[in-house]
Amino acid sequence: MSGFFLFSILSTVVQLLFPMFLNITLYADVRERKLYFSLYILRIFKVYGGYATLYRHGIAFHLTENRAALLPFSEMAAARNKFEFKLTRGFYLYGFSGVTEIGARADPGTAILAAAALQTVAGIAAGTFAKRKKCASFKNDVIVCLDKEGIRVSVRIILVFNFFAVILAAAKIILQALAGKINESKRNRTKQKG
């Protein structure tokens, strides 16, 4: 029993202190209007997966075959002003690879110009990440398919995070929210007395 207890403590310390890798895989098909996604820890343990589609008033995240979470555009616009990326301080971009397939059956000239523009933007992003030393690997390819239509994008993002840093950031957010609630209740009491 003591060996198992010691192993549990050691494994917890390792998970808290050493970096973990989160792999995010995205596949978007513009013609189908679907975005498939999956999240893996260490490329082995699947955290989540599903797909998202557009509906008339927002985005539907299909979490299972029979269940979807709806996110209206109106809520996204309101949340964008309030949301801060506080939890992202514990995450660092380790690798990015993307492939964009552009169908050129209808208009090859436009497809080639779009491919050149995408490669230019990817080159600027790669140079920026390299200069700041924020990403170990940045790759992007564009394929022009003369016999196909539509646009398909495949992206793989590798984030490195530390559980301890994420726990501290989450605790800070929770404490700030609690402090805000306490201050709000004090103001309400003061108004009621006055």
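Model, not experiment: these values are computed from the prediction.
- With contacts defined as side-chain heavy-atom distances shorter than 4.5 Å, the pair Leu93/Leu159 qualifies.
- Considering OH of Tyr27 and OG1 of Thr25, their distance stands at 13.5 Å, rounded to 0.5 Å.
- Here the side chains of Asn140 and Gln119 are in contact, with some heavy-atom distance below 4.5 Å.
- The heavy-atom pair separating Ser137 from Cys135 by the smallest distance is O-SG, 3.1 Å.
- Here the closest heavy-atom approach between residue Ala104 and residue Ala111 is recorded as CB-CB, 3.5 Å.
- Grouped with Val142 in one hydrophobic cluster are Ile102, Leu118, the linkage being side-chain heavy-atom contacts under 4.5 Å among Ile, Leu, Val, Met, Phe, Trp and Tyr residues.
- The side-chain heavy atoms of Leu39 and Asn23, taken from C-beta on, include no pair separated by under 4.5 Å.
- In the hydrophobic clustering of this structure, Val160 groups with Ile44; members are Ile, Leu, Val, Met, Phe, Trp, Tyr whose side-chain heavy atoms approach within less than 4.5 Å, directly or through other members.
- In terms of hydrophobic clustering, with Ile, Leu, Val, Met, Phe, Trp and Tyr side chains grouped at heavy-atom distances under 4.5 Å, Phe73 and Phe61 are assigned to a common cluster.
- Rounding to the nearest 0.5 Å gives a distance of 9.0 Å between CG of Asp29 and NZ of Lys34.
- Under the ring pair (Phe, Tyr, Trp, His ring centres under 6.0 Å) criterion, Tyr94 pairs with Phe21, not counting sequence neighbours.
- Proximity of a side-chain donor or acceptor of Glu149 to a complementary backbone N or O of Ala106 within less than 3.5 Å is detected.
- Screening residues 114-156 for ring pair (Phe, Tyr, Trp, His ring centres under 6.0 Å), with sequence neighbours left out, gives Phe96-Phe138, Phe129-Phe138.
- Judged as a side chain to side chain contact (heavy atoms under 4.5 Å, CB included), and not counting sequence neighbours, the contacts of Ile124 are Thr120, Thr128.
- Looking at Ile158 and Arg156, their side chains come closer than 4.5 Å, going by heavy atoms from C-beta outward.
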Under 3.5 Å, side-chain donor or acceptor atoms of residues 46-57 against the rest of the protein: list the pairs with distances, not counting sequence neighbours.
| from | atom 1 | to | atom 2 | distance (Å) |
| --- | --- | --- | --- | --- |
| Thr53 | OG1 | His62 | NE2 | 3.1 |

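- For CZ of Arg105, the number of neighbouring non-hydrogen atoms (other residues, nucleotides, ligands) closer than 6.0 Å is greater than 12.
- Between Tyr40 and Ile24 the shortest side-chain heavy-atom distance does not fall below 4.5 Å.
- No more than 12 heavy atoms of other residues, nucleotides or ligands lie within 6.0 Å of NZ in Lys139, so this atom counts as exposed by the packing criterion.
- Its side chain within the 4.5 Å cluster rule, Val99 clusters with Ile143 among the Ile, Leu, Val, Met, Phe, Trp and Tyr residues.
- Note that CD1 of Ile157 is 5.5 Å distant from CG of Leu26, once rounded to the nearest 0.5 Å.
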